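Reading through the structure tokens given below for one structure.
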Amino acid sequence: MEEKKIENDGKDIVLDVRDLRINIEMDEGTLTAVRGVNFSIKKGETLGLVGESGCGKSLTSKAILGINEKKCKTTGQIVFDTDGRGMVDLLSLSPKGKEIRQVRGKQISMVFQEPMVAFSPLYTIGNQINECTRLHITKDRKKSREISLEMMKKVGIANAEKRYDQYPHEFSGGMLQRALIAMALVCNPKLLIADEPTTALDVTIQAQILELMKELQKDLNMAILFITHDLGTVAAMCDRVAVMYLGKIVEIAPVKDIYAAPAHPYTQGLIGSVHKIGTKKEERLFSIEGTVPLALNLPPGCGFYERCGKRIEGVCNVKEPELTELSDGHAVACHLCGGCQGCAFGANSGEEAKKDAE
Amino acid sequence: MFIPTILIISFVVFFIMQLPKGDYVSSYIARMQAEGEVFTQEDIAALRAQYGLDKNWVMRYFDWVFKIITKGDFGYSFAYGRPVWSVIMDRLGITIAVSLTIMAFTYLVSIPIGIYSALHQYSPGDYIFTAIGFLGMATPNFLLAIILMYLSFTWTGDPLLGLFSNEMLQEGIHLYNFGEFLQRMIIPTIVIGTAGTCGVIRTVRAQMLDELSRQYALTARAKGVSEATIVYKYCLRAALNPVASGLAGSLSSIFSGSTISAIVMNLSIQGPVLYEALKTQDTYLAGTILMTQAVLVVIGTLLSDILLAWLDPRIRFERKRS
């Protein structure tokens, strides 16, 4: 496949995802799982990708590496600043070809949700980490073993020499996640995709792992795409946050703005449903009504329409809102908030939107 | 575990052997009487005493086992008029050779097909192999044997009956006629082998599909590992687990499944001898054959356990602990 060269606009952008769409062919029809996602990540930055299960965040992250299943038809552009070859659209590379395999694991790597199943039970941890080193850094057995061991020590695996020759079932969950991070970082990637890396772990271990990731990020100056549904970890980890709903980014903002002035009703709902210290027992947690609709034969209009407490009939179910910038770096896709800068969901903005729709 | 297992098997075998009414003498007399011979009670009793059948079966069992252990004497075959061991040795080597060939054929054919089917799920190739596999499983072996012998006869003028040609029987197997022997192995191998092939194909296919969709395959892919390495280093090794544990089972099903085919194809393996021995209630012969097969299956189980432990470190780990 011919690869497309794209000019770097000099902003230190590592990854630029443009109009990413993923359709899944099923017996019942085509499921539009990701519907035009745009975002970019700068060097050393952490972008949080937040959303409920099934909103397409994992598919998006796997699409970057080209490791989705065959039935996922992906279009758009995923522009990555590759080593030595400049900006390359990863989607234009063959998913089984050599070029993409040199990107995977070496320049972009991934930490998965469940460390217990992310390793093959049949090979030692050392073997599996070392496989990465030998593929991308050196074929020299002794050297690659040293590099792997060093990374294992760096992520805080005590007694690394002994651990190297142990099998996954001899590791605890937290240790396995450390090993998984070691495997992801052993080749000093530019971008780390962390797909809910702490969901399967104890709270105390969670904090350790997050702290570890932050430290290593500083050391290696890498960008992180942090995927989670936990807004608490987002606050701790990220510089910017993108909120996904039904295959679209509905709000993207610097992390402070998201908590201080969430603009999209869905984001407001997410933040409202987090436990806060000081709430009384009797007070009920806010919950967003309903569930995410199946992205099969979607009706026109906003994807959140059915569940939104602030919906405007005749507007929200007619026209799909575009992502509009509110302030610097803060953009939202909602009729209520689009275009009215500084005003948080005022009533007249709805009227304006109604006129627009007409 | 090995020795107690064998002892229990030998006891069960002997117990079942004496369950049907009558013994070798009564079936022998029945045949003789049909030919017009006359026997008195004394004759019969003398025959029984001669064969040692006048004692009760428990006594005979201990007698038998005692002689096996002390003298390596497996008793006397009534029908062949020779020690059981020499009757068995005639065919033991060839039986093992044939069985192993069939097993090798089964796995060499079915594992690659299983992998192919899993990697190309729902492709025409997958459907064709599935259809052929099921056909092979559903067709009785002896029918397939007859069909293949017919085809062989119409094409080459030789139905390839038996494992040896007349010349080979006279001269024994040498290097120069080994090729012909292999040629004669083809039909039996296909006939008996196809029965197990389908099952293994289905197992490998299902296991491979399962393993390919596991998280660790995705992790490996995300590391930049090539598809071939994912398939062969990671998935295949995990997928072979149930195949390895089924190894001993397939050995015993080859033993028992081959009897009728062996009679149809006139193969000089142990199946037909066992069949005759059971029919004539030739207790010691039948018992010893069943025993040797049981021993071979136990050895097979041992081998498959070793193979399993080699394939899967988790099994080794449990062993070490206990």
Side-chain angles (χ1 to χ4, degrees), chain A residues 58 61-62 64-70 94-125 127-136 165-170 176 179-180 183-184 186-187 189 192-193 195 200, chain B residues 115-126 204 207-245 305-322:
Chain A
S58 282
S61 64
K62 281 188 255 170
I64 295 169
L65 284 172
I67 55 172
N68 273 322
E69 282 172 62
K70 247 194 256 160
S94 157
K96 288 191 178 173
K98 218 177 165 187
E99 288 91 353
I100 188 89
R101 276 196 271 124
Q102 278 167 355
V103 173
R104 288 180 196 155
K106 180 163 193 239
Q107 304 176 44
I108 307 178
S109 55
M110 193 156 177
V111 173
F112 292 92
Q113 189 172 355
E114 288 177 76
M116 293 80 171
V117 293
F119 283 101
S120 162
L122 305 182
Y123 296 92
T124 59
I125 293 289
N127 179 315
Q128 294 183 57
I129 294 175
N130 205 24
E131 187 176 39
C132 210
T133 324
R134 289 187 55 192
L135 269 173
H136 300 301
D165 293 315
Q166 286 187 334
Y167 288 93
H169 61 256
E170 297 170 76
L176 272 183
L180 198 59
M183 188 160 80
V186 74
C187 302
L192 174 72
I193 301 172
D195 189 354
Chain B
I115 296 170
Y116 175 88
S117 285
L119 293 180
H120 303 84
Q121 194 189 9
Y122 304 135
S123 69
D126 180 20
V204 172
Q207 285 293 318
M208 278 302 282
L209 284 174
D210 194 30
E211 297 298 334
L212 282 167
S213 64
R214 289 283 172 92
Q215 176 74 46
Y216 68 73
L218 197 69
T219 316
R221 204 166 285 137
K223 275 197 287 191
V225 175
S226 69
E227 288 301 310
T229 311
I230 293 174
V231 169
Y232 294 106
K233 179 180 171 185
Y234 288 103
C235 300
L236 181 61
R237 186 165 164 185
L240 285 182
N241 197 321
V243 177
S245 52
D305 279 357
I306 291 169
L307 196 61
L308 264 181
W310 175 73
L311 280 173
D312 195 336
R314 285 167 296 182
I315 293 170
R316 266 175 269 161
F317 193 67
E318 278 163 29
R319 285 273 161 82
K320 244 188 273 167
R321 265 188 177 171
S322 59

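These numbers come from a predicted model, not from an experiment. Proteins come first, then strands; the chains are lettered A, B, ... in the order of their sequence lines, and each starts at number 1.
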Holding to side chain to side chain contact (heavy atoms under 4.5 Å, CB included), I want the full list of residues that pass it with B:Gln215, two or more places apart in sequence or in another chain.
A:Phe112, A:Val117, A:Ala118, B:Leu218, B:Thr219
Considering only heavy atoms, which portion of A:Leu135 lies under 4.5 Å from any heavy atom of chain B: side chain, backbone, both, or neither?
side chain
Counting distance only, does the side-chain N/O of B:Lys223 pair as donor-acceptor with the main-chain N or O of A:Gln128 below 3.5 Å?
yes
Answer yes or no: is there a side-chain heavy-atom contact under 4.5 Å between A:Arg101 and B:Val225?
no
Of the listed A:Tyr123, A:Phe119, A:Tyr167, the one with the largest count of heavy-atom pairs under 4.5 Å with chain B is A:Tyr123
Checking A:Lys62 against chain B: side chain, backbone, both or neither under 4.5 Å from a heavy atom?
side chain
Of the backbone (N, CA, C, O) and the side chain (C-beta and beyond), which part of B:Arg237 lies under 4.5 Å from a heavy atom of chain A, both, or neither?
both
Measure distances from A:Ile100 to the heavy atoms of chain B and classify the residue's part below 4.5 Å as side chain, backbone, both or neither.
neither
Which pair of non-hydrogen atoms, one from B:Ala238 and one from A:Leu122, has the smallest distance, and what is that distance?
N-CD1, 3.4 Å
Could you go through residues 227-235 of chain B and list every donor-acceptor pair under 3.5 Å that involves a side-chain atom there, pairing it with any protein atom two or more places apart or in another chain?
| unit_1 | atom_1 | unit_2 | atom_2 | d |
| --- | --- | --- | --- | --- |
| B:Glu227 | OE1 | B:Arg221 | NH2 | 3.4 |
| B:Glu227 | OE2 | B:Arg221 | NE | 2.8 |
| B:Thr229 | OG1 | B:Ser226 | OG | 2.9 |
| B:Lys233 | NZ | A:Asn127 | OD1 | 2.9 |
| B:Lys233 | NZ | A:Glu131 | OE2 | 3.3 |
| B:Tyr234 | OH | A:Glu131 | OE1 | 2.4 |

Where do B:Pro313 and A:Pro121 come nearest, in terms of heavy atoms and distance?
CG-O, 3.2 Å
